[in-house]
Amino acid sequence: MKPILITGGRVIDPSQNFDETADLLIKDGIIEKVEKGIKPPSGAEVIDADGLVVTPGLIDIHVHLRDPGQEYKEDIKSGTRAAAAGGFTAVAAMANTSPVGDDPSMIRYVLDAAAGASARVYPIGALTKGLEGKEMAELGRMKKAGAVAFSDDGKPVSSGTMMRNALQYSSGISAPVIAHEEEPTLAAGGMMHEGSVSSLLGLKGMPAAAEEAMLARDLMIFKITGGRLHIAHVSTAGSVELLRRARAEGLPVTSEVTPHHLLITDRLVKNSGYSTSTKVNPPLRTEQDRQALWEGLLDGTIDAIASDHAPHHTDDKDMEYDFAPFGIAGLETTLPLMLDEVKSGRVKNFTLPMLIEKLSSAPARIFNLPGGTLQAGSPADLTIIDPERTFIINPDTWQSKSRNTPFGGRRLMGAPVYTILGGKITMEEGVPTE
Amino acid sequence: MQTLRRKDILGLEEMSAEEITLILETARSMREIMQRKIKKVPTLRGRSVLNLFYEPSTRTKASFELAQKYMSSDAVSVAGSSSSLVKGETLKDTVRNVEVMGVECVIMRHPVSGSSHYLARSVEASVINAGDGMHEHPTQGLLDMFTIWENKGRLEELKVVIVGDIRHSRVARSNLWGLQKMGAEVMVAGPPTLMPPDLNVFGVKHFTDIEEAVEDADVVMALRLQKERQEGGLFPSMREYAELYGLNAKRLAHAKEDMLIMHPGPINRGIELSSELADGPRSVVMDQVAAGVAVRMALLYLLLGGTKE
């Protein structure tokens with residue numbers, strides 16, 4: 001493996017509070033050093049990063065790779081290529097596959113299939129067998145097989161006792177539980193956020209209270225269980241407030257938010273004429289919720305940004321609104337969308353180091369993952385960003401098998417130009433290298 | 001004569017007062033044709049129309065079919081139960097297949113809100129929404145306005161009360177938009193569980209006391225109450241609904257003498273509307289049905305009439 005020297009870039013490493021122009025040398029797949037004026041070793045490949053930003057490899061802690069079972073929507077190969085194209089070196093893959101990832105053999109399948117792929121895949125095991133919310137899955141054996149966290153994501157855990165037991169039990173094996181907060185009877189049959197827009201459109205709504213009631217329940221339970229609780233895709237102002245209060249009380253709860261909840265609202269369901277690209281769970285909320293999510297992200301209540309990459313085949317989305325599945329594909333849009341927010345200055349105090357933190361060191365910390373840092377001796381997982389690059393979202397050029405996005409055609413400023421995984425370039429100029 | 005400068009009729013929310021006026025005026029000429037002994041004009045000879053009904057319908061379907069026959073168009077009707085939907089064919093494929101057979105206009109009823117929007121952008125044919133889920137039923141709204149207009153001579157500054165399940169009603173939504181655009185004052189009445197969330201987005205006032213709501217009203221419109229809403233836990237029983245919110249002579253004792261009583265049908269007699277009122281002198285329920293044919297003839301004419309040849 002050739003050494004790689006990245007010269008003259010703005011190196012941002014939130015894990016070390018580092019933000020300076022420096023060179024970075026990679027040898028044998030490991031970060032050798034970050035310094036000014038490193039001489040290129042013989043035979044080294046030199047990447048001129050003048051004007052570019054060098055960051056720890058980005059980690060997306062919430063993706064659906066659909067493998068096994070729905071490979072026509074996505075598979076581990078296409079999903080990790082999409083990750084590399086989008087600037088990610090690692091993804092955490094949810095367990096709602098077919099069969100469900102609720103068994104050590106399934107965890108091993110994902111890890112085997114991901115060997116040599118374009119990004120690291122960290123499997124998330126199901127919390128309950130078959131995602132049915134009834135019997136606890138073999139969390140300990142799955143952890144040994146390589147699962148990094150546990151979740152029934154896509155579905156809430158209806159039973160309070162089940163959630164209590166899962167949190168308490170998982171504290172014994174030091175693995176976080178990820179909660180998809182949705183009170184199922186309040187959200188039943190809902191197609192979008194419940195409010196004035198759902199009323200206008202005649203679509204059945206999912207009230208914000210469905211998310212908030214379940215989150216409140218889980219926070220109360222978390223107080224008596226210990227363990228680690230991470231809240232997936234926070235989407236309402238009320239949820240942000242609940243989390244802020246819980247953190248103020250000292251509860252070690254963590255959370256994530258998606259770019260679509262930060263950037264678009266339920267108005268788009270109407271303005272797009274019921275486009276199914278806007279159908280997602282949790283649903284696109286109101287402008288007030290959107291603002292509150294930004295506040296939560298900026299004040300640290302919300303720890304991370306995650307795509308909730310939910311790929312679907314075009315045929316599945318080309319349907320009447322009620323019949324189309326929920327989900328937005330986000331691996332190839334998350335970073336450019338968020339870079340554009342930094343560049344545009346639309347959100348006061350949202351800086352590039354903060355964005356990088358939310359996409360690298362924070363996810364690594366939440367799931368206790370090895371990456372998310374440029375510390376010497378770490379695996380050489382890096383992302384190189386051109387913050388001045390014009391980027392137009394065009395799903396037809398995606399590496400993902402899916403095309404489902406409400407952001408198609410958006411013209412943005414800022415894009416990843418290199419993704420490096422273990423010292424090997426996995427993406428150059430937007431295109432995966434293999 | 002003028003035509004509508006639009007490909008589709010999807011809802012009254014997006015329609016202007018001028019367009020609505022044009023449709024109502026055209027419907028008046030069409031009603032004259034209906035009153036002739038030989039109810040047929042050659043206006044749409046050689047033009048092909050598809051009626052695609054994914055939900056059962058008697059009134060609306062018969063009304064569209066007669067309108068098509070009176071205008072001399074060629075029409076085929078496909079019902080949901082016999083359609084390819086049950087064979088797993090998508091809506092888009094179904095309509096594209098009929099389109100290449102020469103159909104220029106599709107009239108669709110569908111249980112999913114927004115399905116007519118989806119169809120309209122998927123095919124070249126004109127789409128007339130004959131009811132999409134809980135969203136809109138624009139031809140019903142138009143025929144209701146036509147009925148009021150014919151009986152009262154105007155729409156502006158009339159006070160109209162819609163009573164019942166507003167939340168799940170496409171008829172209510174179309175009427176709320178249409179009537180307000182035409183200058184009427186619209187109110188809704190019924191139990192809070194049957195009101196849409198954030199009702200103020202429609203710009204109407206909500207009453208839970210029916211007697212209070214109908215005071216000074218020029219028109220009261222009862223909506224059909226669906227048994228499944230009770231099963232969904234939105235109200236306790238049909239009996240209680242009738243007692244609290246049903247329209248009957250006693251409840252309307254203090255209402256205006258010349259108040260119009262309307263219902264889009266089919267009526268649950270004795271639940272949302274008593275037979276005494278439904279069949280009484282103030283009822284215009286049958287006028288509504290007749291107006292339906294005239295309004296639909298007008299729409300077909302305005303959408304297809306002036307475009308070719």
Side-chain angles (χ1 to χ4, degrees), chain A residues 183-210 236 238 265-279 283-289 312-326 404 406 408, chain B residues 8 10-14 54 85 88-96 108-122 127 129 131-138 165-174 176-177 188 194-204 206 228 232-233:
Chain A
E183 203 289 314
T185 63
L186 283 172
M191 297 293 153
M192 66 175 295
H193 172 69
E194 179 181 301
S196 57
V197 183
S198 71
S199 283
L200 290 174
L201 294 177
L203 288 173
K204 192 159 171 18
M206 292 183 254
T236 78
T265 67
D266 60 348
R267 296 294 312 175
L268 189 61
V269 184
K270 185 166 197 298
N271 295 344
S272 68
Y274 296 87
S275 166
T276 57
S277 70
T278 63
K279 187 174 172 183
L284 302 175
R285 304 284 187 183
T286 67
E287 180 61 21
Q288 189 206 337
D289 294 304
H312 289 293
H313 193 278
T314 304
D315 289 344
D316 294 340
K317 279 284 195 180
D318 192 6
M319 291 272 165
E320 295 92 320
Y321 206 84
D322 285 18
F323 301 159
F326 291 98
N404 51 308
Chain B
D8 313 295
L10 304 179
L12 298 189
E13 185 189 355
E14 60 208 40
Y54 288 110
L85 185 75
E89 190 180 44
T90 66
L91 171 60
K92 194 166 161 176
D93 282 344
T94 301
V95 176
R96 282 191 170 168
M108 182 171 75
R109 165 161 298 185
H110 197 292
V112 174
S113 299
S115 47
S116 55
H117 281 76
Y118 166 70
L119 181 63
R121 64 170 175 265
S122 303
V127 174
N129 180 7
D132 65 323
M134 305 184 286
H135 176 230
E136 280 219 44
H137 190 351
D165 184 2
I166 312 295
R167 181 168 169 182
H168 302 95
S169 175
R170 52 195 177 210
V171 175
R173 281 178 178 74
S174 286
L176 288 176
W177 291 122
V188 295
L194 295 180
M195 294 298 129
D198 292 343
L199 180 65
N200 51 3
V201 74
F202 293 100
V204 297
H206 171 221
E228 67 205 71

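In what follows, chains are A, B, ... by sequence order, proteins preceding strands, each numbered from 1. All values below come from the heavy atoms of this structure, side chains included, with hydrogens, waters and symmetry mates left out.
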Spacing of [atom1] belonging to [X] relative to [atom2] belonging to [Y], to within rounding of 0.5 Å:
X	Y	atom1	atom2	value
B:Met134	A:Leu203	CE	CG	6.5 Å
B:Arg167	A:Lys204	CZ	NZ	6.0 Å
B:Arg173	A:Ser199	CZ	OG	6.0 Å
A:Tyr274	B:Asp132	OH	CG	5.5 Å
B:Leu91	A:Met319	CG	CE	9.5 Å

*Check the pair B:Thr90 / A:Asp318 against side chain to side chain contact (heavy atoms under 4.5 Å, CB included), numbers first and verdict last.*
CA-CA 9 Å; B:Thr90 66; A:Asp318 192 6; over 6 Å; no
*Which answer fits A:Ser272, side chain, backbone, both or neither, if we ask what part of it has an atom under 4.5 Å from a heavy atom of chain B?*
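A:Ser272 touches chain B through backbone heavy atoms alone.
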_Greater than 12 external heavy atoms within 6.0 Å of A:Glu287's CD_ =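 Counting neighbours around CD of A:Glu287, more than 12 heavy atoms of other residues, nucleotides or ligands fall under 6.0 Å, so yes.
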*Which bit of B:Glu13 is near chain A, if near means a heavy-atom gap under 4.5 Å: side chain, backbone, both or neither?*
side chain
*Which answer fits B:Arg170, side chain, backbone, both or neither, if we ask what part of it has an atom under 4.5 Å from a heavy atom of chain A?*
neither
*Using the ring of each side chain (for Trp, its six-membered ring), is A:Phe323 parallel, tilted or perpendicular to B:His110, with breaks at 30° and 60°?*
tilted
*Would you name the heavy atoms of A:Ser275 and B:Arg121 that are closest together and state the gap between them?*
CA-NH2, 3.6 Å
*Taking all non-hydrogen atoms of both residues into account, name the closest pair between B:Asp198 and A:Ser196 and its distance.*
OD2-N, 3.0 Å
